[in-house]
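Accompanying notes for the structure given below.
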Amino acid sequence: MTLPQPVPEAALRRLRRSYALLMLLLGAPVLAAVIYVLVLQFEIVSLGAQRQIAMSTDRRVTRLDAVLAPLRDNLLRLRNATVEPTIAPAVAVDRASLAPTADSSAWTLDALPAMLRDSAPQVLLAGARRGDAAWRDASIEQAAVFAQQARLVSGSRGGFRRVVYVDAEGTQAWIHPWVDSATLLAELQAASVPEALQRLLRRQRRGGAEGLVFRDAVAWRVRADGSIAATTTLDLLERRGYLTGELPVAALEAARVDPAIGRFWVLDADGAVVWDYKGRDEPGDSVLDGPLPRIADDTLREAASAPIALRSGAMLLSARSSGVAPWRTIYASDEAHIRRLVWRDVGPYAAGGAALLLVFLGTATILWRRYARPSLRLVDYLHRKALDPAAREPVLPAGWAPWALLTRDTFDAAREAQAAEQRAEALKSAIVDHALAAIVSTDAQGRIVEFNPAAEAMFGRRRAEVLGRSVMETIVPPRHRAGHEAAIRTLREGGAPQTLGRRTEMIAMHADGREFPVEVVIWRTDLQGESHFTASLTDLSERRAAAEQIERQREALRQSEKLSAMGSLLAGVAHELNNPLAIVMGRASLLEEKCEDAPALRSDAQRIREAAERCGRIVRTFLNMARQKPAQRLNVQLNDLARAAADMLAHTLRSHGIELQLELAPGLPEVSADADQIGQVVLNLLVNAQQALASAEGAGPRRVKLSTGVEARRSNREPRVWLRVADNGPGVPPALHETVFEPFFTTKPEGIGTGLGLAVSRSLVREHGGQLGLEISAGGAVFRMSLPISGQPGERTEPGALGGNGGSGPARVLVVDDEAEIAELMRAMLEGAGFEAATAESGAVALELLAAARFDAIVSDLRMPDMDGAALWREVRLRWPALARRTLFVTGDTLSPGAEAFLAEAGCAALDKPFARSDLVDRVATLLME
């Protein structure tokens with residue numbers, strides 16, 4: 001084999017000359033670009049310096065406004081707070097310290113104790129009205145409010161050294177913080193307080209022009225001593241005047257920003273200099289070294305609107321106006337100095353350009369020696385190496401060694417690629433073996449060729465025993481094999497490709513013959529002309545069980561919603577019965593009192609009243625069930641809750657032939673509980689007993705026994721009261737004594753129970769510190785609830801001896817109700833208890849009666865046409881605040897969210913309809929004792 005010849009030397013020289021010419025042609029544009037960049041950079045830096053001067057002026061005026069704005073805002077806030085004070089109680093005022101001066105020409109607070117001088121103002125009063133004590137009291141009270149607000153302002157950011165108020169006539173002045181009048185007279189060079197007041201007035205007027213300035217404006221003035229005064233007007237009742245916040249000379253130092261170059265100064269509205277700062281880097285020969293230059297107004301206006309600094313003679317000038325005070329900031333720099341700074345900044349760019357050109361030429365040389373020439377030798381070597389495996393390697397730089405070894409490394413890479421392919425096969429096998437899903441692969445005839453460990457665990461078969469067997473005989477139930485075989489045949493013939501790669505649910509068979517649901521994804525693989533089918537299977541047994549459990553819970557929730565809707569319906573019906581029941585109960589009570597001499601009629605009236613009270617308890621129970629109000633624990637009588645539940649279910653129990661026996665212990669102590677929640681527990685226990693007896697077979701009598709009592713006191717815990725509900729039904733098996741309290745568990749037929757009643761009941765009892773359990777009994781079910789005792793019942797106060805007018809006679813009560821029957825009923829009840837009562841058919845009539853006569857309490861309906869109870873109460877609160885606290889609302893609309901919100905806002909007592917006479921009298925007596 002003939003080896004190729006190396007590249008001739010003459011060809012190398014021609015290539016070198018062409019390379020040098022190319023580098024020169026490329027270098028000429030680089031040089032031109034460097035020069036252009038230098039010129040452009042000079043202009044950019046110059047414009048940047050002008051822009052920096054303008055931006056620096058903006059920053060300084062912003063900094064100045066940031067200091068002045070809080071001062072202005074605090075002054076306006078002080079003015080508004082003094083005119084319309086928002087403090088609830090009056091500010092304490094030391095009126096005794098206000099005394100006339102020695103010449104009686106004015107009044108001052110010089111006698112104010114030292115301990116109060118930090119919080120009180122100095123008050124100067126002069127003029128013809130100084131002898132009016134009421135005027136002096138009003139002035140000192142307003143001055144105290146002024147001092148309080150001034151102290152808050154002085155303590156915040158943007159505080160004042162002194163705040164002074166002078167009225168427009170110069171008859172009074174308030175100064176905070178307090179300063180004795182002698183010091184103030186010396187400061188103002190005045191001989192008397194009236195003269196000092198006139199001088200203060202003239203000083204304030206100079207701050208904001210003659211007369212009063214615009215209400216929302218603040219006038220700024222720099223005084224001769226360098227201090228700054230901010231003045232605004234103040235409308236205080238019938239007086240107007242000036243409010244001035246005085247700042248020290250150094251108050252604006254917080255806004256100071258020393259310029260690095262140039263000179264910065266601030267002019268007020270009259271052209272006087274407020275600040276003058278000179279740059280620390282400004283040279284001594286600058287045009288700004290010395291007195292400030294005078295600049296024409298037209299030039300300043302042009303500079304104020306320009307985005308960059310303007311050239312004005314030998315200066316670069318920028319000006320901006322303050323947005324808070326009528327001041328103008330000016331920033332100027334020497335243009336020659338700026339030019340020197342620009343050249344100093346551009347100089348490095350020029351040096352960089354020259355260095356760049358040198359780097360370009362050096363790079364071209366290095367490229368030839370280190371890359372162009374070695375690349376030619378490498379091409380020659382690769383050509384020879386392709387023909388001769390033993391070709392000698394050329395002499396190359398160290399960086400080119402990898403390229404010289406490329407051919408040898410290519411063979412090593414081929415061997416490594418083969419090894420990597422083997423490792424990839426092993427990795428795929430490991431992934432299949434450790435997959436959580438069962439993977440089963442078959443050939444075109446349906447014989448199993450792969451069965452991973454997850455499939456072994458799912459089907460209960462070992463891989464060795466299923467390889468080569470038909471997949472249908474192994475994991476497909478017999479009743480589904482025909483359909484499975486037809487589907488595989490269709491796939492093998494190329495049909496139904498849309499089923500591949502999709503999730504499908506089917507029934508699989510375990511090794512023990514048990515069938516279970518699985519989710520299957522099948523895909524097809526063609527290997528060396530032969531088709532294989534692989535299935536990924538996931539067991540759906542647990543997912544199906546969870547879905548069934550969720551569906552059961554949803555059904556339970558739907559049942560709960562039905563019960564809630566039924567409760568709302570019953571509550572609406574009960575609400576409509578409130579007013580007639582109240583009339584029946586009240587009139588029966590009055591009739592019973594009037595028939596003391598006729599026992600037969602008194603007995604009939606008593607029966608009517610007891611029946612109406614029973615209806616009222618049933619109505620109240622419905623309303624309590626529908627209110628869904630938050631838990632409110634009070635001292636309640638467990639016997640009352642038991643009777644209410646028994647009354648509510650009395651008809652249902654009788655209609656099912658069930659006898660209800662009550663054995664309630666007399667004198668049972670009260671418990672601290674939410675009556676609605678514990679009443680719901682008792683009602684639920686009775687309903688469970690009724691349903692258990694209703695489904696019981698047999699002709700024997702069916703009974704439910706409801707009993708209460710007090711537990712024997714133990715040394716390790718407080719005494720408790722108990723309530724027991726026992727029935728003679730089939731009872732609960734001992735194994736289910738605790739299970740029946742679990743949520744969604746029920747022993748009742750489907751469609752009757754939700755499985756939530758006992759679980760909710762036990763939760764409510766435990767929240768009250770009690771216990772609810774199932775006792776072991778010979779027959780039937782016995783549920784027992786125990787609750788801790790809160791205390792004994794308190795004594796009731798007879799209202800007859802109460803008086804609302806200091807004991808001078810019986811209390812007078814105004815009854816307001818748009819239903820005349822209800823109003824007359826309450827009036828009769830109250831008069832029978834020893835009160836004087838009057839009635840009004842509307843809120844408007846009630847206001848007329850309240851204005852014409854004295855009343856000690858109000859009993860009002862909440863819902864009335866025109867002016868309802870809420871509007872009446874708000875009007876009473878404005879006119880007679882004490883009487884508003886003695887208002888009792890009688891209503892049957894406590895389910896309304898608006899009624900609940902109003903009662904919570906007013907904090908007044910409420911009495912639900914229907915009510916007994918004792919309830920109304922007790923509530924009114926309680927109001928009169930407050």
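Computed from heavy atoms alone, side chains included, the values below leave out hydrogens, waters and symmetry copies. Residues take their numbers from the sequence shown, with the count starting at 1. Keep in mind the model is a prediction, meaning the values are calculated, not measured.
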Looking at [Y], is its backbone amide N or carbonyl O close enough to the side chain of [X] to form a donor-acceptor pair, meaning the two atoms are under 3.5 Å apart?
{"X": "Glu195", "Y": "Ala191", "result": "yes"}
{"X": "Thr887", "Y": "Leu883", "result": "yes"}
{"X": "Arg812", "Y": "Phe835", "result": "no"}
{"X": "Arg136", "Y": "Gly131", "result": "yes"}
{"X": "Asn74", "Y": "Pro70", "result": "yes"}

Please report the shortest heavy-atom distance between [X] and [Y], naming the atom on each side.
{"X": "Ser181", "Y": "Leu124", "value": "CB-CD2, 4.3 Å"}
{"X": "Leu849", "Y": "Thr839", "value": "CD1-O, 3.7 Å"}
{"X": "Leu872", "Y": "Ser860", "value": "CD2-OG, 3.9 Å"}
{"X": "Arg863", "Y": "Asp818", "value": "O-OD1, 3.8 Å"}
{"X": "Leu830", "Y": "Ala837", "value": "CB-CB, 4.3 Å"}
{"X": "Cys908", "Y": "Ala884", "value": "SG-O, 3.6 Å"}

So Trp178 and Leu112, side chain to side chain contact (heavy atoms under 4.5 Å, CB included) or not? Walk me through it. CA-CA 9 Å; Trp178 183 92; Leu112 189 69; 3.9 Å; yes

Could you grab the distance from atom [atom1] of [X] to atom [atom2] of [Y], nearest 0.5 Å is fine?
{"X": "Ser139", "Y": "Arg95", "atom1": "OG", "atom2": "CZ", "answer": "11.5 Å"}
{"X": "Gln122", "Y": "Arg162", "atom1": "CD", "atom2": "CZ", "answer": "10.5 Å"}
{"X": "Asp58", "Y": "Ser318", "atom1": "CG", "atom2": "OG", "answer": "6.5 Å"}
{"X": "Arg827", "Y": "Glu831", "atom1": "CZ", "atom2": "CD", "answer": "5.0 Å"}
{"X": "Arg117", "Y": "His176", "atom1": "CZ", "atom2": "NE2", "answer": "14.5 Å"}
{"X": "Ser97", "Y": "Leu116", "atom1": "OG", "atom2": "CG", "answer": "7.0 Å"}

Would you check, one step at a time, whether the test side chain to side chain contact (heavy atoms under 4.5 Å, CB included) holds for Leu920 with Val859? CA-CA 9 Å; Leu920 176 63; Val859 179; 4.2 Å; yes

Should [X] and [Y] count as side-chain neighbours, where that means a heavy-atom distance under 4.5 Å?
{"X": "Trp265", "Y": "Leu267", "result": "yes"}
{"X": "Asp94", "Y": "Leu109", "result": "no"}
{"X": "Val816", "Y": "Met864", "result": "yes"}
{"X": "Val193", "Y": "Trp107", "result": "no"}
{"X": "Met826", "Y": "Val890", "result": "yes"}
{"X": "Asp856", "Y": "Leu928", "result": "yes"}
{"X": "Asp868", "Y": "Asp861", "result": "no"}
{"X": "Leu847", "Y": "Met867", "result": "yes"}

Working note: Leu188 + Leu200, criterion side chain to side chain contact (heavy atoms under 4.5 Å, CB included); need CA distance, chi angles, decisive distance, verdict. CA-CA 8 Å; Leu188 296 173; Leu200 277 176; 3.6 Å; yes

Quick check with a 6.0 Å cut-off and a 45 degree axis cone: is Arg130 positioned over the face of Trp135's six-membered ring? no

Apply side chain to side chain contact (heavy atoms under 4.5 Å, CB included) to the pair Thr57 and Thr329, showing each step before the final yes or no. CA-CA 7 Å; Thr57 307; Thr329 60; 3.9 Å; yes

Which word best sums up how the rings of Trp174 and Tyr165 line up, parallel for under 30°, tilted for 30 to 60°, or perpendicular for over 60°? tilted

Could you go through Arg199 and Glu187, starting from their C-alpha distance and side-chain angles, then the distance that decides it, and tell me whether this counts as salt bridge (Lys or Arg N to Asp or Glu O under 4.0 Å)? CA-CA 11 Å; Arg199 295 201 175 194; Glu187 181 181 335; over 6 Å; no

Give a yes or no on this: more than 12 heavy atoms of other residues, nucleotides or ligands lie within 6.0 Å of atom CG of Asp866.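 Counting neighbours around CG of Asp866, 12 or fewer heavy atoms of other residues, nucleotides or ligands fall under 6.0 Å, so no.
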
Pick one: which of Leu201, Leu243, Thr244, Ile175 meets side chain to side chain contact (heavy atoms under 4.5 Å, CB included) with Val166?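 Only one of Leu201, Leu243, Thr244, Ile175 forms a side chain to side chain contact (heavy atoms under 4.5 Å, CB included) with Val166, namely Leu201.
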
Just to verify, which of Leu850, Val813, Leu888 counts as forming a side chain to side chain contact (heavy atoms under 4.5 Å, CB included) with Ile858?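 So the option named by the test is Leu850.
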
Can Ser322 and Asp65 be said to form a side chain to side chain donor-acceptor pair (under 3.5 Å), step by step? CA-CA 6 Å; Ser322 170; Asp65 286 351; 2.5 Å; yes

Under a 4.0 Å N-O cut-off, is there an ion pair linking Arg874 with Glu905?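 The answer is yes: the pair qualifies as a salt bridge.
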
Would you say the rings of Trp873 and Phe902 are close, in the sense that their centroids are separated by under 6.0 Å?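 Aromatic pair counts; centres sit under 6.0 Å.
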
